[in-house]
Number of protein chains: 2
Amino acid sequence: MNGEKNHFGETVPGTRPRARRRTRQRSVIQRVLLEANRPLSPQAILLAAQAMAPGLGIATVYRTIHTMMTEGTLVAVGIPGEAARYEISGKEHHHHFQCRECDAVFDIQGCPTDDLAKLTPKGFRLESHQVVLYGVCPPCTGMPS
Amino acid sequence: MNGEKNHFGETVPGTRPRARRRTRQRSVIQRVLLEANRPLSPQAILLAAQAMAPGLGIATVYRTIHTMMTEGTLVAVGIPGEAARYEISGKEHHHHFQCRECDAVFDIQGCPTDDLAKLTPKGFRLESHQVVLYGVCPPCTGMPS
DNA sequence: ATTGGTGCAAATGCTTTGCATCCCG
DNA sequence: CGGGATGCAAAGCATTTGCACCAAT
C-alpha cells in the first residue's frame with residue numbers, strides 16, 4: 001500500500017519521500033483532548049494536534065483513539081447522525097449537551113442515576129447509560145459575550 | 001454516472017440492462033420500520049425491505065430516510081461508535097436500551113423528564129433529550145427461551 | 001406527455017490497514 | 001540492532017449523488 005509499483009506490480013523501494021517523524025504523538029493527542037475538555041471528533045483532534053505537531057497524520061489519531069478506548073482511558077460519545085466524538089475518561093461521571101445551532105457538545109454535571117435505573121425493563125441487566133440534552137448554548141441564544 | 005461511455009467520454013444510451021421497477025418503495029420501507037418496532041440501521045432496513053421487494057436499492061433506503069427525517073416522521077437514534085439507526089416517530093416519547101452482547105437496540109418506556117430538566121446548565125435552553133441504557137438483554141443473559 | 005420515484009454505479013467522505021521507515025532504547 | 005510508533009497511500013465501507021428509465025397520473 002506504499003511506495004511506487006513497477007510494471008509487475010512490485011513495490012519499488014525508496015520511492016517515498018522522507019517524512020518528518022515525531023515520536024510520542026500520543027501525548028500530543030492526549031493533551032489536545034485534555035485541553036478541549038469536551039468531546040472532539042477525530043477530524044477536530046487532527047486539526048488541533050497538527051497545530052502542535054505538524055505532519056501528524058490522521059491514521060495516528062485513529063490508532064491512538066483505538067488504543068485509548070481499549071485501555072478505557074477514552075470514551076466515545078455518540079450523537080445521532082454524526083460521527084462519534086471522544087473524550088478523556090476518568091473524569092467524574094457526567095453527560096452532554098449539544099447545541100442545535102453550532103453543533104458543539106458540552107459537558108454537563110449531575111446525573112439522575114436512580115431515576116434511570118427505574119426505567120430498566122424486567123429481565124434486562126443495566127450496566128451503564130448515556131444522556132444527551134439538545135438545545136441552544138449561551139452564545140447561540142444571542143447573549144452578549 | 002450511468003451507462004457506458006464512448007471514446008469521447010459521452011454516455012452511450014441504452015447500455016444499462018433493464019431493472020425490475022417497483023413503485024412506492026417508501027411504503028415497503030415504512031412497513032419494515034413499523035414491523036420491527038425498534039431502531040434499524042440503513043443496512044438492516046435494506047435487507048428486510050429486499051425480502052419484500054427484490055431489487056430495491058440502498059439509495060432508495062437512504063433517500064427515503066432523508067425524506068422522512070425532513071418530514072419529521074422518522075427519528076435518528078445515535079449509539080456511540082455505531083451507525084445511526086432510525087425509527088418511526090409519533091410513538092409515545094421513549095428511550096432505548098442496547099445490549100452489549102448482541103448489539104440490538106430496544107425501546108423502553110418511561111422518561112425522567114423533570115430530572116433531566118434539572119441538569120440543564122444556566123444559560124442553556126433545553127429543547128429535547130435522549131437517553132440510552134446499556135447492559136444485557138434477556139436472551140443474552142442466558143435465560144431459558 | 002409530464003412528473004416524480006427508483007436502480008445503478010460513480011463519487012464522496014470517513015475510517016482502517018499494509019508497508020517501509022524512523023525513533024528510542 | 002530490534003521493537004514499537006508513525007506517515008503515507010491504498011483499501012474498505014457507508015452514504016450521497018448524477019443520470020436514464022420506469023410508473024402512475
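Scope of the values below: all heavy atoms of this structure, side chains included, with no hydrogens, waters or symmetry mates. The sequence lines fix the lettering, A, B, ..., with proteins before strands; numbering per chain opens at 1.
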(request) Rounded off to whole Å, could you give me the OH-to-P distance for the B:Y86 and D:dA14 pair? (result) 13 Å

(request) Could you check how far CD1 of B:I65 sits from P of D:dT17, rounded to whole Å? (result) 14 Å

(message) The criterion is ring-ring contact (aromatic ring centres under 6.0 Å, His included); which residues satisfy it with A:H94, sequence neighbours excluded?
(response) A:H96

(request) Using the side chain to side chain contact (heavy atoms under 4.5 Å, CB included) rule, pick out the option among A:L40, A:L56, A:T64 that qualifies with A:I45. (result) A:L40

(message) Quick check: A:H129 with B:H95 (ring centres under 6.0 Å apart)?
(response) no

(message) Distance check needed: D:dA5 P versus A:Q30 CD, whole Å only.
(response) 13 Å

(message) Measuring to OP1 and OP2 of C:dC23, would you say a side-chain N or O of A:Q25 lies under 4.0 angstrom away?
(response) no

(message) Tell me the interatomic distance from B:R26, atom CZ, to D:dA23, atom C1', rounded to whole angstroms.
(response) 17 Å

(request) Specify the separation, in whole Å, of atom CZ of B:R24 and atom P of C:dG4. (result) 12 Å

(request) To the nearest Å, give me how far apart CG (B:L47) and P (D:dA14) are. (result) 11 Å

(request) Measure distances between side-chain N and O atoms of A:R63 and base N and O atoms of D:dG4, and say whether any donor-acceptor pair falls under 3.5 Å. (result) no

(request) Go through C:dC8, D:dC8, C:dG5 for me and flag the one nearest to the A:A59 side chain. (result) D:dC8

(request) Grab the CG-P distance between A:L46 and C:dC14 for me, whole Å please. (result) 11 Å

(request) Can you figure out which of C:dT6, D:dG7, C:dC14 approaches the side chain of A:T60 most closely? (result) D:dG7

(request) Let me know the distance between CD1 of A:I58 and P of C:dT17, rounded to the nearest Å. (result) 14 Å

(request) Report the residues that fulfil ring-ring contact (aromatic ring centres under 6.0 Å, His included) with A:F124, sequence neighbours left out, ordered by chain and then residue number. (result) B:F97, B:F106

